[in-house]
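These notes are about the structure you will find just below.
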Amino acid sequence: MNSLAENILYIYLIVFNSMLIFDLVSIVYRKISDKNMVEMTKSIEKEIRSEDLNSPSKLHIKKLSKNLKKIGYFIAFTRVIDNMDERHRKIYLTNIKMVFVKILPHFQKEEVIRQTYFINFLAQHPYIYEMKMEQLVTYMIQCTTKDSVYLRENALSALYMTGNPNYIKEAFYQMNYLNIKHHHKLITDGLMKFRGDTEKLADMLMQELGNYGENYKVACINYFGYKKIDCTEYLYKVLTSKIEYKEVKIACIRYFSHVLYEPVVDTLYELIKDDNNNWEYSAVAATTLKKYPNRETTSALKDAIRSHNWYVRNNAAASLIELTKKDKIKDLITSVDDKYAKEALSYQLHLLGGEA
Amino acid sequence: MALEIVKLCLKYISYFFILYMLFYSTFLFISSIIGSITLFKNRYKDTMHNNIEHDYYIPVSILVPAYNEEKVICSSVKSLLSLDYKLYEIIVINDGSSDKTLECLIDEYSLIKVNKPYNRQLSTKNVRGIYEGEQKGIRITVIDKENGGKSDSLNAGINVSKFPYFLAMDADSALQKDSLELLVRPILEDENVVACGGFIRLSNAVELRDGVVQRYELPKNMLASMQVLEYDRSFLASRIMLDQYNGNLIISGAFGLFQKELVLACNGYDINTVGEDFELVSKMHVFCKKNDIDYSIRYIPEAICWTQAPEKLGDLIKQRKRWYIGLVQCMIKYRELFCNYHYGFLSFISYFYYLFFELLSPFIEVIGNITTIVALCFGLLNVPFMILFYILYTLFGCVMTLTTFFARIYLANNKLSFIDILRAIYLCIFEIVFLRFILMVSRLTSFIGYKNKRMKWEKLDRTELKV
């Protein structure tokens with residue numbers, strides 16, 4: 001028993017000491033690395049200041065090619081670059097862009113977190129890779145299929161900055177082919193930041209849309225809607241297709257509230273009626289229909305405010321109030337005999353600033 | 001013969017205790033190490049731009065149940081209005097307060113009564129009225145309902161909310177400017193994320209302005225200071241470790257983001273339990289596993305919510321009794337998680353942890369103390385070993401606590417005065433010796449008088465939030 005007791009004490013002592021060592025080592029490590037970072041930043045800043053930004057010396061480029069492989073040096077270098085004014089930064093980075101091609105093979109072998117950092121740096125400074133830097137772009141496209149969402153997102157951001165739709169096409173093709181899950185909101189948001197010709201991008205995406213899976217289709221259709229890109233005929237076919245994904249069809253219905261297309265109205269009337277089987281379609285159609293004002297729309301919405309589904313009823317009420325002339329709204333509310341429909345209409349009127 | 005039996009019993013009991021304490025210490029050790037490493041790794045990732053910064057965020061309804069919160073409710077809503085987030089609504093649920101909670105909100109935010117239709121998907125106590133207004137483009141809704149408890153209030157909030165995700169929080173809490181954004185990020189990173197919990201920190205001596213910490217120090221009140229250390233250890237160690245394998249059985253009711261659709265599928269909050277936060281998360285785990293849903297419940301230590309710690313011993317005991325009752329109810333309700341291979345680590349690590357180191361720990365501690373006394377009476381106690389063991393155990397606990405405390409201080413960039421550093425060091429000894437004893441007693445006595453007040457809100461002394 002005594003030896004067991006002693007052994008337990010020893011175990012405790014070992015664990016206790018390892019914890020203490022862990023604490024001390026981490027404190028010392030943090031202190032040293034913080035100090036080193038400040039020193040390194042100063043030294044890089046001094047060195048760059050001594051260089052001619054339009055024509056950096058071979059020695060400087062050689063030194064950068066060697067040192068930028070070290071992540072600590074890269075971070076310090078980024079801090080210096082961030083402190084430069086835009087004009088000088090652009091001149092300097094454009095003149096040392098070969099350095100990034102040289103260090104590329106090193107980063108390709110690095111851990112994902114560091115690759116992300118490298119890609120992020122490039123995305124922040126697109127003039128490094130936008131002119132004939134195929135190696136860097138190829139690497140970015142490869143990164144869009146990696147497991148890390150951060151690496152993918154940074155790589156996509158860098159590609160959007162190129163303004164070249166073909167790069168986006170290639171990246172989406174690979175991501176879709178490998179079934180990479182990347183949130184459609186991130187994709188749509190990213191596409192909105194595309195720097196090049198949006199019409200060319202939209203043409204390319206439309207051509208490719210049929211090949212994409214649900215996630216990429218939804219992202220692209222949302223993008224078309226926000227940018228008001230006319231692909232009405234094509235999306236009308238998608239909406240009326242019997243084999244299309246539900247989320248894609250919902251994105252199409254939303255699209256038709258951004259870009260108007262009269263032939264879609266009959267389909268919307270059918271969808272709004274079908275609140276038993278597909279209430280999601282009905283609810284979105286009820287909102288979209290407010291963009292297509294006419295007598296039939298009003299009639300369809302009047303039916304929909306009696307729907308047993310809360311979302312359909314509410315959305316229909318909101319649309320109906322928007323479509324009704326101010327002086328007729330009270331008559332409309334009075335004429336409705338359904339208690340829930342009346343309630344929904346009154347509330348929507350209140351939201352518009354009228355008396356509930 | 002009797003002595004022999006006592007000796008044999010004590011021998012096996014001592015083996016059990018040695019194993020128990022070894023397991024507990026090892027768990028603490030591993031979880032503290034993992035917690036600290038994860039925090040450093042997260043900071044490293046942030047430095048290396050391994051994060052998502054987008055304008056396009058997921059809309060969120062913030063639900064704030066309130067019962068007699070006139071002192072804090074307006075400042076709490078004010079803190080929510082300073083959030084750095086694109087699209088959200090604030091819904092306060094006044095659960096039949098007898099003070100001026102409702103009037104304060106109506107006056108402060110110029111709310112008007114509306115006849116708002118809402119989707120009664122979860123049954124709740126009668127809603128007396130709904131008030132609405134807008135500040136800085138953010139819609140504020142107050143639901144005035146009959147008293148039904150916190151779960152009932154949250155269910156009413158879910159019914160009225162319009163966005164697909166909701167954030168449940170306490171009325172005495174305040175969020176940092178970036179908290180909501182940080183809590184939503186995991187959903188953008190992984191669509192299977194159905195709930196996210198953040199880090200609860202104690203605001204007793206903290207000053208927030210527009211969602212940014214202006215001044216941070218340890219509270220002057222000793223009880224509150226000890227709770228600061230306790231919270232850091234609990235949130236930064238065990239929860240981060242359990243998060244490594246999707247094993248957190250609780251998201252604090254003071255700060256949790258949930259996917260509304262799944263919560264509705266689980267029938268919302270259970271009104272018959274006092275540990276509604278524990279119950280909901282356990283229920284979501286069981287529901288998703290049974291229905292083969294790919295899901296993930298995440299813990300985000302960088303998303304911070306500031307809340308008030310009780311400064312009076314009576315309040316603390318009341319609070320902890322309630323937590324313990326909630327724990328017992330949920331552990332019994334979800335006993336299928338015990339030793340069930342279908343749930344994997346959730347069963348064999350998380351459930352075991354809560355069962356042995358939380359639920360049974362007060363009983364085990366009492367048995368341990370009785371055994372020590374019996375052993376002493378029979379002259380069977382190795383006194384020097386016992387003393388050494390206790391000293392070492394206390395020191396060990398202190399080092400663990402201080403590790404998580406200072407890791408958190410460093411990573412949150414909070415500046416701590418030299419006096420506060422010294423206070424933290426000696427308070428962690430008090431926390432282990434004094435606070436844990438109090439908590440043990442309050443847990444043991446938690447069911448006394450429970451039936452009479454199980455649906456009532458826990459009322460603690462509040463001070464005005466400095467936001």
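Remember, predicted model here, so these are calculated numbers, not experimental data. Below, read A as the first sequence line, B as the second, and so on, with proteins coming before strands; counting in each chain starts at 1.
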Taking atom [atom1] of [X] as the centre, report whether more than 12 heavy atoms of other residues, nucleotides or ligands fall under 6.0 Å from it.
X	atom1	answer
Lys41(B)	NZ	no
Glu214(A)	CD	yes
Asp34(A)	CG	yes
Phe27(B)	CZ	yes
Phe378(B)	CZ	no
Tyr29(A)	OH	no

Of all the heavy-atom pairs spanning [X] and [Y], show the shortest one and how long it is.
X	Y	value
Leu186(A)	Leu188(B)	CD1-O, 3.6 Å
Glu191(B)	His183(A)	CG-CD2, 3.4 Å
Pro117(B)	Ala344(A)	CG-CA, 3.7 Å
Met48(B)	Tyr117(A)	CA-CD1, 3.4 Å
Asn119(B)	Tyr311(A)	ND2-CE1, 3.5 Å

Open item on the list: Quick one, Lys185(A) with Ile187(B), criterion side chain to side chain contact (heavy atoms under 4.5 Å, CB included). Give me CA distance, side-chain angles, the key distance, then yes/no.
Closed with: CA-CA 11 Å; Lys185(A) 290 195 182 217; Ile187(B) 295 167; over 6 Å; no
Heavy-atom contact with chain B under 4.5 Å, split by part of [X]:
X	value
Leu151(A)	neither
Asn215(A)	side chain
Glu111(A)	side chain
Ile119(A)	neither
Arg313(A)	neither

- [ ] Could you grab the distance from atom CD1 of Ile113(A) to atom CG of Asp46(B), nearest 0.5 Å is fine?
- [x] 11.0 Å
TODO: Quick one: pull up OH in Tyr118(B) and CD in Glu343(A) and give me the separation to the nearest 0.5 Å.
DONE: 9.0 Å
Between [X] and chain A, which part of the residue has a heavy atom less than 4.5 Å away: side chain, backbone, both or neither?
X	value
Ile112(B)	side chain
Glu134(B)	neither
Arg43(B)	neither

TODO: Before giving the answer on side chain to side chain contact (heavy atoms under 4.5 Å, CB included), spell out for Thr116(A) and Lys45(B) the whole-Å C-alpha distance, their side-chain angles and the decisive distance to 0.1 Å.
DONE: CA-CA 9 Å; Thr116(A) 308; Lys45(B) 275 182 167 178; over 6 Å; no
Task: Asn154(A) side chain to His49(B) backbone, donor-acceptor under 3.5 Å - done: yes
- [ ] Mind ranking Lys162(B), Arg120(B), Glu189(B), Met400(B) by heavy-atom pairs under 4.5 Å with chain A and telling me who comes out on top?
- [x] Glu189(B)
Open item on the list: Set out, in order, the CA-CA distance, both residues' side-chain angles and the distance that settles side chain to side chain contact (heavy atoms under 4.5 Å, CB included) for Tyr347(A) and Asn115(B), then state yes or no.
Closed with: CA-CA 6 Å; Tyr347(A) 180 67; Asn115(B) 189 19; over 6 Å; no
Task: Best-contacting candidate, Glu153(A), Lys181(A), Arg30(A), against chain B by heavy atom pairs under 4.5 angstrom - done: Arg30(A)
